[in-house]
Number of protein chains: 2
Amino acid sequence: MTNPVFIRDLTSPECPIRNVLARIADKWSLLVLYTLSQQNDPMRFKALQRAIPDISQKMLTSTLRTLEQDGFIVRKAYAEVPPRVEYQSTERAASLMPHLNALFGWAIDHMQSILRDREVYTAKGNES
Amino acid sequence: MTNPVFIRDLTSPECPIRNVLARIADKWSLLVLYTLSQQNDPMRFKALQRAIPDISQKMLTSTLRTLEQDGFIVRKAYAEVPPRVEYQSTERAASLMPHLNALFGWAIDHMQSILRDREVYTAKGNES
DNA sequence: CAGTATCCTTGGTGATACTG
DNA sequence: CAGTATCACCAAGGATACTG
(Lines give C-alpha, C1' and ligand atoms only; values in the text may rest on other atoms or scores of the structure.)
Protein backbone atom coordinates (compact mmCIF):
# COMPACT_ATOMS: atom_id res chain seq x y z
CA MET A 1 0.00 0.00 0.00
CA THR A 2 2.16 2.82 1.25
CA ASN A 3 5.31 2.72 -0.81
CA PRO A 4 6.88 6.16 -0.50
CA VAL A 5 10.00 4.92 1.22
CA PHE A 6 13.04 3.92 -0.71
CA ILE A 7 16.51 2.91 0.24
CA ARG A 8 18.23 6.21 -0.30
CA ASP A 9 20.25 6.30 2.85
CA LEU A 10 21.41 2.89 3.94
CA THR A 11 22.32 4.34 7.31
CA SER A 12 18.87 5.61 8.07
CA PRO A 13 16.82 3.92 10.75
CA GLU A 14 14.16 3.89 8.04
CA CYS A 15 16.27 1.54 5.96
CA PRO A 16 14.13 -1.52 5.31
CA ILE A 17 17.11 -3.80 5.09
CA ARG A 18 18.31 -2.91 8.55
CA ASN A 19 14.91 -2.45 10.08
CA VAL A 20 12.89 -5.30 8.65
CA LEU A 21 15.09 -7.84 6.94
CA ALA A 22 17.84 -7.99 9.53
CA ARG A 23 15.29 -9.22 12.05
CA ILE A 24 14.05 -11.96 9.73
CA ALA A 25 17.21 -13.03 8.05
CA ASP A 26 19.21 -14.17 11.00
CA LYS A 27 19.99 -17.84 11.41
CA TRP A 28 17.28 -18.84 13.87
CA SER A 29 14.40 -16.79 12.46
CA LEU A 30 14.89 -18.22 9.01
CA LEU A 31 14.80 -21.75 10.40
CA VAL A 32 11.69 -21.06 12.46
CA LEU A 33 9.86 -19.43 9.57
CA TYR A 34 10.82 -22.30 7.33
CA THR A 35 9.66 -24.88 9.86
CA LEU A 36 6.33 -23.20 10.44
CA SER A 37 5.74 -22.91 6.72
CA GLN A 38 6.30 -26.63 6.26
CA GLN A 39 3.49 -27.57 8.59
CA ASN A 40 0.69 -25.21 7.82
CA ASP A 41 -0.88 -26.16 11.10
CA PRO A 42 0.05 -24.30 14.25
CA MET A 43 2.97 -25.78 16.13
CA ARG A 44 3.69 -26.14 19.79
CA PHE A 45 6.84 -24.86 21.42
CA LYS A 46 8.17 -28.36 21.91
CA ALA A 47 7.49 -29.33 18.32
CA LEU A 48 9.52 -26.40 17.09
CA GLN A 49 12.34 -27.40 19.37
CA ARG A 50 12.28 -30.92 17.99
CA ALA A 51 12.41 -29.58 14.46
CA ILE A 52 15.42 -27.41 15.29
CA PRO A 53 17.23 -29.57 17.80
CA ASP A 54 20.21 -27.35 18.43
CA ILE A 55 18.32 -24.19 19.26
CA SER A 56 18.35 -23.39 22.95
CA GLN A 57 15.14 -22.73 24.83
CA LYS A 58 16.19 -19.17 25.34
CA MET A 59 16.92 -18.51 21.69
CA LEU A 60 13.71 -20.16 20.56
CA THR A 61 11.71 -18.06 22.98
CA SER A 62 13.34 -14.79 21.99
CA THR A 63 13.13 -15.61 18.28
CA LEU A 64 9.44 -16.34 18.64
CA ARG A 65 8.92 -13.08 20.52
CA THR A 66 10.61 -11.06 17.81
CA LEU A 67 8.61 -12.76 15.07
CA GLU A 68 5.43 -12.18 17.06
CA GLN A 69 6.32 -8.54 17.59
CA ASP A 70 6.70 -7.99 13.87
CA GLY A 71 3.45 -9.80 13.13
CA PHE A 72 4.82 -12.90 11.47
CA ILE A 73 3.39 -15.32 13.96
CA VAL A 74 0.58 -15.41 16.49
CA ARG A 75 0.97 -16.95 19.90
CA LYS A 76 -2.02 -18.74 21.37
CA ALA A 77 -1.87 -19.96 24.94
CA TYR A 78 -4.50 -22.39 26.18
CA ALA A 79 -5.41 -22.40 29.85
CA GLU A 80 -4.77 -26.09 30.37
CA VAL A 81 -2.64 -28.22 32.60
CA PRO A 82 -0.07 -28.91 31.39
CA PRO A 83 -0.01 -25.66 29.43
CA ARG A 84 -0.31 -25.69 25.68
CA VAL A 85 0.99 -22.89 23.52
CA GLU A 86 0.67 -22.85 19.79
CA TYR A 87 2.36 -20.67 17.23
CA GLN A 88 0.95 -20.11 13.82
CA SER A 89 2.10 -17.97 10.98
CA THR A 90 0.07 -14.98 9.88
CA GLU A 91 -1.01 -13.52 6.58
CA ARG A 92 2.08 -11.36 6.66
CA ALA A 93 4.29 -14.41 6.93
CA ALA A 94 2.34 -16.03 4.12
CA SER A 95 3.05 -13.06 1.87
CA LEU A 96 6.74 -13.24 2.73
CA MET A 97 7.23 -16.98 2.37
CA PRO A 98 7.19 -17.16 -1.44
CA HIS A 99 10.19 -14.88 -1.49
CA LEU A 100 11.98 -16.83 1.21
CA ASN A 101 11.15 -20.09 -0.53
CA ALA A 102 12.61 -18.72 -3.73
CA LEU A 103 15.74 -17.97 -1.75
CA PHE A 104 15.78 -21.45 -0.23
CA GLY A 105 15.41 -22.94 -3.68
CA TRP A 106 18.25 -20.85 -4.97
CA ALA A 107 20.43 -21.93 -2.06
CA ILE A 108 19.67 -25.59 -2.69
CA ASP A 109 20.49 -25.25 -6.37
CA HIS A 110 23.76 -23.41 -5.86
CA MET A 111 25.09 -24.93 -2.68
CA GLN A 112 27.29 -27.54 -4.32
CA SER A 113 29.10 -25.11 -6.57
CA ILE A 114 29.42 -22.58 -3.77
CA LEU A 115 31.02 -25.20 -1.55
CA ARG A 116 33.41 -26.03 -4.38
CA ASP A 117 34.38 -22.39 -4.81
CA ARG A 118 34.93 -22.10 -1.09
CA GLU A 119 37.34 -25.05 -1.18
CA VAL A 120 39.25 -23.63 -4.12
CA TYR A 121 39.52 -20.32 -2.34
CA THR A 122 40.95 -21.74 0.86
CA ALA A 123 43.25 -24.03 -1.14
CA LYS A 124 44.68 -21.01 -2.90
CA GLY A 125 45.21 -19.30 0.42
CA ASN A 126 47.21 -22.22 1.77
CA GLU A 127 49.52 -22.86 -1.16
CA SER A 128 53.08 -21.64 -0.86
CA MET B 1 22.08 -28.27 -12.07
CA THR B 2 22.48 -30.70 -9.21
CA ASN B 3 19.38 -30.55 -7.10
CA PRO B 4 19.37 -33.75 -5.09
CA VAL B 5 19.73 -32.02 -1.75
CA PHE B 6 16.76 -31.01 0.27
CA ILE B 7 16.27 -29.62 3.70
CA ARG B 8 15.44 -32.76 5.55
CA ASP B 9 17.63 -32.24 8.53
CA LEU B 10 17.89 -28.62 9.52
CA THR B 11 20.81 -29.50 11.75
CA SER B 12 22.90 -30.99 9.01
CA PRO B 13 25.98 -29.12 7.81
CA GLU B 14 24.44 -29.72 4.40
CA CYS B 15 21.51 -27.49 5.31
CA PRO B 16 21.40 -24.78 2.67
CA ILE B 17 19.90 -22.27 5.04
CA ARG B 18 22.72 -22.55 7.49
CA ASN B 19 25.44 -23.13 4.98
CA VAL B 20 24.61 -20.71 2.22
CA LEU B 21 21.96 -18.23 3.28
CA ALA B 22 23.29 -17.47 6.73
CA ARG B 23 26.46 -16.14 5.13
CA ILE B 24 24.54 -13.87 2.78
CA ALA B 25 21.73 -12.75 4.96
CA ASP B 26 23.62 -11.02 7.69
CA LYS B 27 23.37 -7.29 8.05
CA TRP B 28 26.53 -6.23 6.26
CA SER B 29 26.51 -8.71 3.39
CA LEU B 30 23.00 -7.71 2.39
CA LEU B 31 24.00 -4.06 2.33
CA VAL B 32 27.13 -4.76 0.29
CA LEU B 33 25.28 -6.93 -2.20
CA TYR B 34 22.60 -4.30 -2.52
CA THR B 35 25.12 -1.54 -3.03
CA LEU B 36 27.07 -3.45 -5.67
CA SER B 37 23.88 -4.28 -7.51
CA GLN B 38 22.91 -0.62 -7.68
CA GLN B 39 26.03 0.36 -9.56
CA ASN B 40 26.59 -2.32 -12.13
CA ASP B 41 30.12 -1.11 -12.53
CA PRO B 42 32.84 -2.46 -10.27
CA MET B 43 33.34 -0.45 -7.10
CA ARG B 44 36.43 0.45 -5.16
CA PHE B 45 36.88 -0.28 -1.49
CA LYS B 46 36.54 3.37 -0.59
CA ALA B 47 33.40 3.76 -2.65
CA LEU B 48 31.75 0.92 -0.81
CA GLN B 49 32.70 2.49 2.47
CA ARG B 50 31.15 5.76 1.42
CA ALA B 51 27.94 3.98 0.46
CA ILE B 52 27.77 2.25 3.83
CA PRO B 53 29.22 4.90 6.11
CA ASP B 54 28.91 3.09 9.41
CA ILE B 55 30.65 -0.09 8.40
CA SER B 56 34.12 -0.40 9.85
CA GLN B 57 37.12 -1.08 7.66
CA LYS B 58 37.52 -4.42 9.32
CA MET B 59 33.93 -5.51 8.79
CA LEU B 60 33.94 -4.35 5.19
CA THR B 61 37.10 -6.31 4.52
CA SER B 62 35.86 -9.49 6.13
CA THR B 63 32.45 -9.21 4.49
CA LEU B 64 34.08 -8.80 1.09
CA ARG B 65 36.31 -11.82 1.75
CA THR B 66 33.36 -14.01 2.61
CA LEU B 67 31.43 -12.89 -0.45
CA GLU B 68 34.51 -13.50 -2.56
CA GLN B 69 35.00 -16.94 -1.07
CA ASP B 70 31.48 -17.93 -1.99
CA GLY B 71 31.83 -16.56 -5.48
CA PHE B 72 29.51 -13.59 -5.26
CA ILE B 73 32.13 -11.00 -6.01
CA VAL B 74 35.49 -10.85 -7.73
CA ARG B 75 38.36 -8.85 -6.36
CA LYS B 76 40.68 -7.17 -8.83
CA ALA B 77 43.82 -5.48 -7.57
CA TYR B 78 45.74 -3.18 -9.89
CA ALA B 79 49.47 -2.77 -9.41
CA GLU B 80 49.38 0.99 -9.15
CA VAL B 81 50.47 3.58 -6.67
CA PRO B 82 48.32 4.34 -4.83
CA PRO B 83 46.77 0.90 -5.02
CA ARG B 84 43.43 0.42 -6.66
CA VAL B 85 41.19 -2.52 -5.86
CA GLU B 86 37.86 -3.07 -7.48
CA TYR B 87 35.06 -5.39 -6.55
CA GLN B 88 32.46 -6.54 -8.98
CA SER B 89 29.61 -8.92 -8.66
CA THR B 90 29.62 -12.21 -10.50
CA GLU B 91 27.10 -14.20 -12.49
CA ARG B 92 26.23 -16.02 -9.32
CA ALA B 93 25.38 -12.78 -7.60
CA ALA B 94 23.37 -11.74 -10.62
CA SER B 95 21.30 -14.89 -10.38
CA LEU B 96 20.70 -14.25 -6.69
CA MET B 97 19.84 -10.57 -6.86
CA PRO B 98 16.33 -10.90 -8.30
CA HIS B 99 15.37 -12.89 -5.22
CA LEU B 100 17.01 -10.44 -2.87
CA ASN B 101 15.42 -7.54 -4.69
CA ALA B 102 12.04 -9.19 -4.30
CA LEU B 103 12.79 -9.37 -0.61
CA PHE B 104 13.85 -5.73 -0.48
CA GLY B 105 10.67 -4.76 -2.27
CA TRP B 106 8.62 -6.73 0.18
CA ALA B 107 10.38 -5.08 3.09
CA ILE B 108 9.75 -1.63 1.66
CA ASP B 109 6.08 -2.37 1.14
CA HIS B 110 5.51 -3.82 4.59
CA MET B 111 7.80 -1.77 6.76
CA GLN B 112 5.22 0.78 7.85
CA SER B 113 2.69 -1.76 9.04
CA ILE B 114 5.39 -3.83 10.69
CA LEU B 115 6.58 -0.78 12.60
CA ARG B 116 3.02 -0.14 13.67
CA ASP B 117 2.59 -3.69 14.93
CA ARG B 118 5.84 -3.41 16.80
CA GLU B 119 4.58 -0.29 18.59
CA VAL B 120 1.31 -1.93 19.50
CA TYR B 121 3.14 -4.93 20.84
CA THR B 122 5.43 -2.95 23.14
CA ALA B 123 2.50 -0.76 24.20
CA LYS B 124 0.61 -3.85 25.31
CA GLY B 125 3.63 -5.05 27.19
CA ASN B 126 3.88 -1.82 29.16
CA GLU B 127 0.25 -1.39 30.15
CA SER B 128 -0.69 -2.29 33.67
C1' DC C 1 4.76 -28.08 28.97
C1' DA C 2 6.35 -23.67 28.31
C1' DG C 3 8.54 -20.87 29.78
C1' DT C 4 11.60 -17.11 33.11
C1' DA C 5 15.84 -16.02 35.71
C1' DT C 6 20.56 -16.25 36.37
C1' DC C 7 25.18 -16.77 35.45
C1' DC C 8 28.87 -17.21 32.37
C1' DT C 9 31.38 -17.60 28.12
C1' DT C 10 32.98 -16.29 23.57
C1' DG C 11 33.28 -14.41 19.38
C1' DG C 12 31.52 -10.64 16.62
C1' DT C 13 32.52 -6.00 16.29
C1' DG C 14 34.60 -1.43 16.85
C1' DA C 15 38.69 1.55 17.67
C1' DT C 16 43.24 2.44 16.95
C1' DA C 17 47.66 2.00 15.03
C1' DC C 18 50.62 0.47 11.53
C1' DT C 19 52.14 -1.09 6.40
C1' DG C 20 52.83 -2.10 1.27
C1' DC D 1 44.40 3.69 -1.07
C1' DA D 2 43.52 -0.62 0.74
C1' DG D 3 44.31 -2.99 3.63
C1' DT D 4 46.48 -6.07 8.23
C1' DA D 5 47.32 -6.45 13.26
C1' DT D 6 46.20 -5.78 17.85
C1' DC D 7 43.55 -4.79 21.75
C1' DA D 8 39.36 -4.31 24.09
C1' DC D 9 34.53 -4.64 24.81
C1' DC D 10 29.96 -5.92 25.13
C1' DA D 11 26.02 -8.16 23.81
C1' DA D 12 24.48 -12.56 21.61
C1' DG D 13 24.12 -16.86 22.93
C1' DG D 14 24.59 -21.33 25.81
C1' DA D 15 24.00 -23.95 30.29
C1' DT D 16 21.69 -24.62 34.24
C1' DA D 17 18.22 -24.16 37.63
C1' DC D 18 13.79 -22.90 38.90
C1' DT D 19 8.35 -21.91 38.25
C1' DG D 20 3.25 -21.33 36.90
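Proteins come first, then strands; the chains are lettered A, B, ... in the order of their sequence lines, and each starts at number 1. Basis for what follows: all heavy atoms, side chains included, without hydrogens, waters or symmetry-related copies. What you are looking at is a predicted structure, and each value in this text was computed from that prediction instead of being measured.
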Let me know the distance between [atom1] of [X] and [atom2] of [N], rounded to the nearest Å.
{"X": "Arg23(A)", "N": "dA12(D)", "atom1": "CZ", "atom2": "C1'", "result": "15 Å"}
{"X": "Ile52(A)", "N": "dG13(D)", "atom1": "CD1", "atom2": "P", "result": "14 Å"}
{"X": "Leu64(B)", "N": "dT4(D)", "atom1": "CG", "atom2": "C1'", "result": "14 Å"}
{"X": "Asp54(A)", "N": "dA15(D)", "atom1": "CG", "atom2": "C1'", "result": "15 Å"}
{"X": "Lys58(B)", "N": "dT16(C)", "atom1": "NZ", "atom2": "C1'", "result": "11 Å"}

(request) May I ask you to verify if any side-chain N or O of Tyr87(B) is less than 4.0 angstrom from the OP1 or OP2 atom of dG3(D)? (result)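 Checking dG3(D) against Tyr87(B), a side-chain N or O does come within under 4.0 Å of OP1 or OP2.
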(message) Near DNA chain D, counting only heavy atoms under 4.0 Å, which residues of residues 69-85 of chain B show up?
(response) Arg75(B), Pro82(B), Pro83(B), Val85(B)
So if I take every side-chain heavy atom of [X] and compare against [options], which nucleotide ends up nearest?
{"X": "Ser56(B)", "options": "dG14(C), dA2(C), dA17(C)", "result": "dG14(C)"}
{"X": "Met59(B)", "options": "dC1(C), dG14(C), dA2(D)", "result": "dG14(C)"}
{"X": "Thr61(B)", "options": "dA2(D), dG3(C), dT4(D)", "result": "dT4(D)"}
{"X": "Arg65(B)", "options": "dT4(D), dG3(C), dA15(C)", "result": "dT4(D)"}

(message) Only Watson-Crick and G-U wobble pairs with both distances less than 3.5 Å should count. Give DNA chain C in dot-bracket notation, marking inter-strand partners with |.
(response) ||||||||||||||||||||
